[in-house]
Amino acid sequence: MTIQTLEIMKCTHEKQKPEADQLEFGKYFTDHMFIMDYAEGKGWYSPRIIPYQPLTLDPASMVFHYGQTVFEGLKAYRSEEDGSVRLFRPEENFKRLNQSSDRLSIPPIDEAQLFAYLKELIRIDKEWIPTKPGTSLYIRPFIISTQSNLSVAPSQSYKFMIILSPVGAYYKEGINPVGIFVEDQYTRAAQGGTGMAKTAGNYCAAYKAQERATSHQKAQVLWLDGMEKKYIEEVGSMNVFFKINGEIHTPELSGSILEGITRRSVIELLQSWNVPVHERRISMEEILSASKSGTLEEVFGTGTAAVISPVGELLWKDHQMTVNDYKTGEIAKKLYDELTGIQTGKREDPFGWSIILNEDYE
Ligand SMILES: *Cc1c(COP(=O)(O)O)cnc(C)c1O
């Protein structure tokens, strides 16, 4: 693939940057965005960085009707120690973007080029990377289908974009556990469906279950398998781990589970610490009996947003299970400290996960 010239159009007026304490998730956006187009027969073309701005799209654009779209989510961190800007395993996000695209019949994008474009965009908007501990710049690459046609068929044109959003610390008062509602009515995904792809429909189809969780005063939903509603899949938009009798268990990738990069990193870290990790089918019955016998020691979710999210309580039908006295477990805390330490450059990075950007920046 040929390296295309990246066109850069800087904004003439910079936006006011929010104060660190105003930051929320995905509320503010930086001054610039990346955009590139695709046309059948031509491939991806015209990569450009332009001022952040609204799009004009034909109402018949396919994305509005049949949801042919995919996205990614990763973060840039600014090190408190040396001010360096770091990304965590970004190549995994580009690979996964193409895997999601494949499931949705969207053409792939060259991963090395994507990385080059992202680096340039972050460089231009680097003043937007917040510096306070726990804050970061959330990166949202996404693709939409833009052909104006109501046929139910893959679009012949697309737009790929990257937008950037400074986000606040996920845990404002330190890492702490949440209550979880085990959803026994709605399901997120089924084998053969789109569960392993980051595509819009998976997320809006989860709102009804989230409403049920909220009405039971629980923060998130724990999803069961789409076939029998017996086996554990994910928690909210996170992968899920259980510590039972000193060993760690997480649902195996079944095709309906999104393969988290945090999940994979947690497995690799635990293995490096010689903690036994099992990827397998885990039933809710089993969790209930572990809870009753006192061997359910920890439960936590993993994902880019929270990194590690400890679970203090599970509500499944009329079974109420308290986990570790509603306190953050030892393993969850250790993983959180290690991962955030690597991400921000505070800790050693034996795996080479943390990619430093600003060597060629200044
Ligand atoms: C993005 C996502 C995750 C977590 O993936 P990370 O790469 O760890 O951020 C887990 N489950 C779902 C459904 C997701 O969309």
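In this chain, residues are counted from 1 in sequence order. When a ligand or atom number is given, it counts from 1 through the structure's own listing order.
For residues 120-169, the pairs satisfying ring pair (Phe, Tyr, Trp, His ring centres under 6.0 Å) are Phe25-Tyr138, Phe34-Phe160, Tyr38-Tyr158, with sequence neighbours left out.
Using modelled atom types, one finds a donor on one side chain and an acceptor on the other under 3.5 Å when comparing Asn202 with Thr194. Between the side chains of Glu80 and Thr344, no donor-acceptor pair is found at a separation under 3.5 Å.
Atoms of ligand 1 found under 4.0 Å from any heavy atom of Asn239, numbered from 1 in the order shown, are 10 (C). Atom numbering of ligand 1 starts at 1 in the shown order; those under 4.0 Å from a heavy atom of Arg188 are 13 (C). Every atom of ligand 1 with a heavy atom of Tyr203 under 4.0 Å away is listed here by number and element: 13 (C), 14 (C), 15 (O). Ligand 1 places these atoms under 4.0 Å from at least one heavy atom of Arg96: 5 (O), 6 (P), 7 (O).
Among all protein heavy atoms, the one lying closest to atom 5 (O) of ligand 1 is Gly260 CA, 3.3 Å. Nearest non-hydrogen protein atom to atom 8 (O) of ligand 1 is Thr262 OG1, 2.6 Å. At the top of the distance list for atom 12 (C) of ligand 1, counting protein heavy atoms only, stands Glu234 OE1, 3.4 Å. At the shortest separation from atom 3 (C) of ligand 1 among protein heavy atoms lies Ser237 O, 3.3 Å. Of the protein's heavy atoms, Thr304 OG1, 2.6 Å lies nearest to atom 9 (O) of ligand 1.
Looking at ligand 1, you'll find an N or O of Lys198 within less than 3.5 Å of one of its N or O atoms. For ligand 1, the polar-atom distance check finds no N/O of Leu258 at less than 3.5 Å from any of the ligand's N/O atoms.
Across all non-hydrogen atoms, the minimal contact from Val85 to Ala76 is CG1-CB, 4.2 Å. Residues His249 and Glu247 share a closest heavy-atom pair of CD2-O, 3.4 Å.
Using a 4.0 Å cut-off between a side-chain N of Lys or Arg and a carboxylate O of Asp or Glu, Glu285 and Lys230 do not qualify as a salt bridge. Salt bridge Asp225/Lys229: absent, no basic N to carboxylate O contact under 4.0 Å. Checked for salt-bridge contact, Glu297 and Lys243 meet the test: a charged N lies under 4.0 Å from a carboxylate O.
Connectivity analysis of hydrophobic side chains (ILVMFWY, heavy atoms under 4.5 Å, direct or indirect) links Tyr186 to Val221, Trp223.
At a 4.0 Å cut-off, not a single heavy atom of Gly73 sits close enough to ligand 1 to count as contact. Residue contacts with ligand 1: Arg264 is excluded, as none of its non-hydrogen atoms falls under 4.0 Å.
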